[in-house]
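This report refers to the structure that appears directly beneath it.
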Amino acid sequence: MKADFSKPYDPKETEGKIYQTWLDSGYFNPDKLPGKRSKNYIVYMPLPNVTGTLHMGHALNNTIQDILIRYHRMKGFRTLWLPGTDHAGIATQYVVEKDLRKQNISRFELGREKFTEKVWEWKEKYGGIILDQLKKFGVSADWSRTRFTMDQSYAEDVFKTFIHYYEKGWVYRGLRTVNWCPKDGTSLSELELEYADAETKLWYIKYSPEITVATTRPETMLGDTAIAVNPSDKRYKHLIGKTVTLPIQNREIPIVGDIAIDLKFGTGAVKVTPAHDILDFEIGQRHKLETIQVINERAKMTAAAGKYEELKTIEAREKIVNDLKEMGLLVKEEKYQTRVAKCYRCGTIIEPIPSNQWFLKMDKLGAMAKQAIKSKKVRIRPKNFEKTYLNWLENVRDWSVSRQIWWGHRLPVWFHEPKCIPKKGHEKDSAKCEEMVVSLIKPECKYCEGKYVQSDDVLDTWFSSAIWPFGGLSKKDFENYYPGNALVTARDIINLWVARMIFSGLELKKKVPFTDVFINGTILTKDGRRMSKSLGTGIDPLNYINLHGADATRFALIWQASGQDIRWDEAAVMAGRKFCNKIWNASRFVLQKNTGIAKPSKALVGKTSADKKILKKLAAVKKQTGKNIENFEFSKALHDIYDFFWHEFCDVYIEETKKQEGGQEILFYVLSESLKMLHPFMPFITEAIYGNAGENKKLLMIEKW
RNA sequence: GGGCAAUUAGCUCAGUGGUAGAGCGUUCCGUUCACAUCGGAAAGGUCACAGGUUCGAUACCUGUAUUGCCCACCA
């Protein structure tokens, strides 16, 4: 398409058309790129949630990836940027449930099957929104390869991965005290918790003449199975090994010594409730303590709580405090500032309860992930994030991979019906019925008429995201496009996602999925606060596109993305817009003077000192820009080009040529080269102008850098 | 509690062992034809604070303060 220089640059009118031209070219698809391209450059897009809408973080993250892809495409690489969306487990289930609630339908009325159908409907209707928003940014991903983590082939890879781990003996089932959301009815990983400050009380309860404990949760005392003290604590040392009688329950419980106990806090003696506290559970494991569950999955007291059965935990707390008071066992209560863990989705206070979960052993996998960084097979930039990554792996716990929700990959685990109806001639084999089978397809019992029923649990959503670098590729694509090169993501998912992709790739495919991880900065508000929808501090990047164009917005993002955190300053978008105007007008000037020249000459020799100077400068800037991009120094690269274009080329050289004869070829050449350098950063306007430059038939996006 | 980072012009940020730069904003001047979304010029900083290394530190080291982020988590 031709740019119309009789008017000022209008991004609104131009960007849609340019994007369509790119789509029509097919060049987003590596298989359709022209020319010999012997080397690959592959970027795996961090999967946005299907429920998501674009925020500033996506905008920055995807602009960076687009710069990498466009640069390498122009450099002659066979470039693949793999896009997709994540089913996002509980996040999506939550959104759809909320939607249904408006129609007064609960998911329980619908039942599992109908509910998941509804989620699929929802996904078909709204799941593509975020990808369409990315297109407005100029994202040059290969949309023909777009994947969804619940696509059949992807899901199959997820199941195979689970089965692989199971067969290795790395998957186990265990009762474990987990963070449980009573509202969503699911366990949550530590990383899915949000903490909020809360004012509560610290109650001092006398367990024996010698032992008083301090607790914020007296209701859990009903499930206490020990008292723990620090073994070096002189006050209690002599009591270790003895027992006390648990008040109310009148149960004998042992006093154990454990180093996890802080001498300075409270009284130095701690009640241990393995069932309802994760740290206590670990203490319980160490001392082989019994686990007595007194709170159920709806946050009510169980039968084991005796007369408090069926009370909500808070009601039970009040009653118990009162009862203790009456018994004269409440020594004192004091105000206490604490932090309560809440569900990251619904904000409900989580309740640690023992629950049957599936775990993936992390010893071998964690070691592999660690080794990948230590051996420099994978580099994380900025480098200090390698520490974040390694620290996590140093003391990583086994990964709880099961979730009690309906939307997700159901575990490929099949349980035998309780009854056994032996097949004829197999009466003697009835004991051989396998209680549980892990298999991709529904198994049949060899010995009896009994059926297998699939587990109700689904896998943690990160379990499926962890295989994105290969689960997202067809068999043929896998051969051509695995492993990839770069992964650009935010720092908060270095452990949740990046580490898990690395060990998944190594274990399942024997190769690291990518060699470079770039952690982009976090965009904060101008006064340094986190951008978030719930705080009302978020900004919709599409507003900037509508007002000033995608190029100006991309400019603003990269212009400011020099450090880690960005305090977002809107003025930068205006600067980007002004720069667009400058590019547009300088191009008009140069191209009007060069109507007759088809291609810029390659081996130009400057005649005047101004000519020589600009050519020299251009060569230097171009070299430096390439280096900067390859080193993930995008902001530096943009500042250099900006400086060169505006202050060297426009302010000095163009003005100089007005005074001197000739030099048109050099003008034309420097402009063309500038457009190329600018293209990865500001793809729309540069492509639009390039269509006007001489007889260019080629799109700038595939022009040689 | 542990770790990481930041502190430079009114604002958002670069930067370097030898007395500081950009964008935006401000002030003044300028519309001869690429661009007033422009050009030219100017004002504006004891580079958080204290010590140390050095001939010399904003830059290197130590400490302090403030801020932010990550991880762990206190019963």
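The chains referred to below are lettered A, B, ... by the order of the sequence lines, with proteins before strands, and numbering in each begins at 1. Side chains included, hydrogens not; waters and symmetry mates left out as well; all remaining heavy atoms used.
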Would you classify Arg567(A) as touching base, sugar-phosphate or nothing, given that sugar-phosphate means primed atoms plus P, OP1 and OP2, and contacts are heavy atoms under 4.0 Å?
sugar-phosphate
Students often get this wrong, so: under 4.0 angstrom with heavy atoms, is Cys580(A) touching a base, only sugar-phosphate, or nothing?
nothing
So what does His548(A) hit on the nucleic acid, given a heavy-atom distance under 4.0 Å: a base, only sugar-phosphate, or nothing?
nothing
Heavy atoms only, 4.0 Å cut-off, all strands: where does Trp568(A) land among base, sugar-phosphate and nothing?
nothing
Parallel, tilted or perpendicular: which fits the ring planes of Phe634(A) and Phe518(A), with parallel below 30° and perpendicular above 60°?
perpendicular
When the C1' atoms of rC29(B) and rA65(B) are compared, how many Å lie between them, rounded to an integer?
45 Å
In terms of the angle between their ring planes, are Phe649(A) and Tyr653(A) parallel, tilted or perpendicular, with boundaries placed at 30° and 60°?
parallel
Are Asp640(A) and Lys617(A) close enough for a salt bridge, meaning some N to O gap below 4.0 Å?
no
The residue, Ala571(A) or Lys658(A), whose nearest nucleotide of RNA chain B is more 5′ is Ala571(A)
Could you check whether Trp203(A) gets within reach of a base, just the sugar-phosphate, or nothing at all, counting any heavy atom under 4.0 Å?
nothing
Nearest whole angstrom, please: distance from the P of rG15(B) to the NZ of Lys636(A).
6 Å
Would you say the side chain of Lys659(A) lies within less than 4.5 Å of the side chain of Glu656(A), judging by non-hydrogen atoms?
yes
